Amino acid sequence: MILLIGWLVFSSHVKQHSELERSKMDLIANDFAHKIIQAQMQKLNLSKKDFKITKELKFGLYDASGKEKITQINEAIDFSKKFYEKDGSLYVINKSTAGHMGISYVVIKKTSFHNQISVMIQNTIAIMLGVYIMITVIGFYLAKLFIYPIQAQREKLNNFIKDTTHEINTPLAALLLSVESDNFFTEKNRDYIRLSAKKISNLYKDLTYVFLKKNIKKELEFTEISTILKKELDYHTKLATKKKITIHHKIETMHYKIEEEDFIRLTNNIISNAIKYTKRNGEITISFNQGVLIVQDTGIGITEEKLNKIFERYYRATNEVGGFGIGLDIVKTICDNYNIKVEVDSKLKQGTTFKLSFKNPYF
Amino acid sequence: MKILLLEDDLIYSELIANYLKAKNHDVQTVYDGEEAEEYIYFSKFDLLLLDINVPHINGLEVLKRLRGEKISVPVIFLTSEDSIGFLEQAYSIGCNDYLKKPFELKELSIRINYLNKTHFIENKLFIIISDQITLDMSNLVIIKNKETFSVSKKEANILKYFFTNKNKIIDIDELIVNVWEYNVGPSIATIRTYIKNIRKIIGTDYFTTIKGSGYRFNI
């Protein structure tokens, strides 16, 4: 494309240039012819000195048979043409002397035409390169501008998939171990299987929720979410005990228009995070009354600057892989869907508090 | 063997711990990197089993700091990270083995036994230093040409450490962090005396004193 443009520009330049040169040479030839005619009329003698000419031009005077009278040109001239180009030189043949002083042809030759063209070629190439570089830079910048968000999104998704597969791997490994255990039939082992399977199931549900989010039903019934929470707490308490974490809870009866699965997902993510980030022998306090659910842990806490980002999809609060990512994104999505106000308060090294305010509950 | 297990999945951690306990190991479970460091710097472990992806400080970072302190306790990574990049990083930091989840407990046990052998972790062993010299860790004697010499527990441990890290320059600091508990540091003079005693028994050829750096055990 650029080459084509370059070539077009170049050839039109060359044409323009050679026409300009021709008219300049014509002018000189006319001037010489005029001098010759005048010399005959005034009966003057002519010598080489009378014909002043610039360095890059040469001239020749010839009689009707083409024999030279005075000339600086060595090669043979084609008298049948008025103007031609040969071997990088331009020739103009002027016949207006019409035999005066025995001269029929005035020939002007321009030798450096070829050099000028090569200068022009160089200029054209330089300009073409310049334009090419400029277009490339602009194009690259624009492409980057458009591609960047797509790429960032892709990377996030990539991280997310990597994290989740890793997160599923460990409980899966645990499940495999307990299934193959020698003490398969003990109650304890059945608990391991149950808890690991539940963990995998939760992760799976989170995953499908993120990718295949279905629309919530418009006609929702009031569900007694306090009982659901109590039931879920059994699972969490079992896990927490292994880390010697105590879960204190005070849950009052409450109904809300929410799908059971979504409520489980919501609380499960918050409580799992609390257990994950609370140290051994720590405490988690859960209270649910007057439509406000508070989950308070004694974990590492989150710095203020990171606090604003934790609801961003796939954001990780700590630099190690895993955790946090989708969990809080799901919390946010569910809260938005069901008109639940979510607030997070955190103090580094002291703990994090999640406060969910349910709008229009029924007790 | 005293083992520290860093694993944040509570069930998985318990399953592995149960298995190792049944194999007569003393297992301390920890659930995040920070807790792991507290335990490692507080008491001595024979082996660390570290998960990489854990809260607070990841397993790689824990090992990096440990090796930075010249603590050379054997480490096996137990991880879900299956990219070769992680494996490369883990080995370059200085792990001794790397197990990808899921694995069979039997495999873990085999690998632990192997490390036990190569690192003389359990002291109920005869360490054959050369054709003539054997170190009996359980009776704390050096047997040289059928003659026995009693040594102190520290002397035995020092000789064991040098033998495990043979042909390598070991400075006093490294010896202290790996042979003594971390809160007790002996004086340099004490260590020199120990080494002098060992030299007296096994012969002076084995130890080369590297001026300003430490000692090298040549085999």
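Labels below follow one simple rule: chain letters A, B, ... track the order of the sequence lines, proteins then strands, and each chain is numbered from 1. All of these numbers come straight from a predicted model, not from anything done at the bench. Both backbone and side-chain heavy atoms feed into the values below; hydrogens, waters and symmetry mates do not.
In this structure Phe358(A) satisfies the ring-ring contact (aromatic ring centres under 6.0 Å, His included) test together with Tyr256(A), Phe288(A), sequence neighbours excluded.
Of the listed residues (Asp182(A), Leu239(A), Leu175(A)), the one with the most heavy-atom contacts under 4.5 Å to chain B is Leu239(A). The choice from Glu34(B), Glu7(B), Glu104(B) that makes the most heavy-atom pairs within less than 4.5 Å of chain A is Glu34(B).
Heavy atoms of Lys238(A) lying under 4.5 Å from chain B are absent altogether. Contacts between Glu61(B) and chain A at a heavy-atom distance below 4.5 Å are absent for every atom of the residue. Using a 4.5 Å cut-off between heavy atoms, Asp8(B) touches chain A through its side chain atoms alone. Interface remark: Tyr19(B) contributes no atoms to any contact with chain A (heavy atom separation under 4.5 Å). Proximity to chain A (any heavy atom under 4.5 Å) is shown, for Thr29(B), by both the backbone and the side chain.
Within 6.0 Å of CD in Glu252(A) there are more than 12 heavy atoms belonging to other residues, nucleotides or ligands. For Glu88(B), the CD atom sits in a loose shell: 12 or fewer heavy atoms of surrounding residues, nucleotides or ligands are nearer than 6.0 Å.
Side-chain contact, Tyr192(A) with Asn18(B): a donor N or O sits under 3.5 Å from an acceptor N or O. Thr134(B) and Asp136(B) are not linked by any side-chain donor-acceptor pair at a separation below 3.5 angstrom, with hydrogens and angles left out of the test.
Phe162(B) has its ring centre less than 6.0 Å from the ring centre of Phe207(B).
Note on Lys243(A) versus Glu35(B): no salt bridge recorded, every NZ/NE/NH1/NH2 to OD/OE distance being 4.0 Å or above. A salt bridge between Arg280(A) and Glu38(B) is absent, with no side-chain N of the basic residue lying under 4.0 Å from a carboxylate O of the acidic one.
Side chain of Asn189(A) to main chain of Phe185(A): no donor-acceptor pair is present (N/O by atom type, distance under 3.5 Å, no hydrogens or angles).
Using a 4.5 Å heavy-atom cut-off against chain A, no residue of residues 108-118 of chain B qualifies as contacting.
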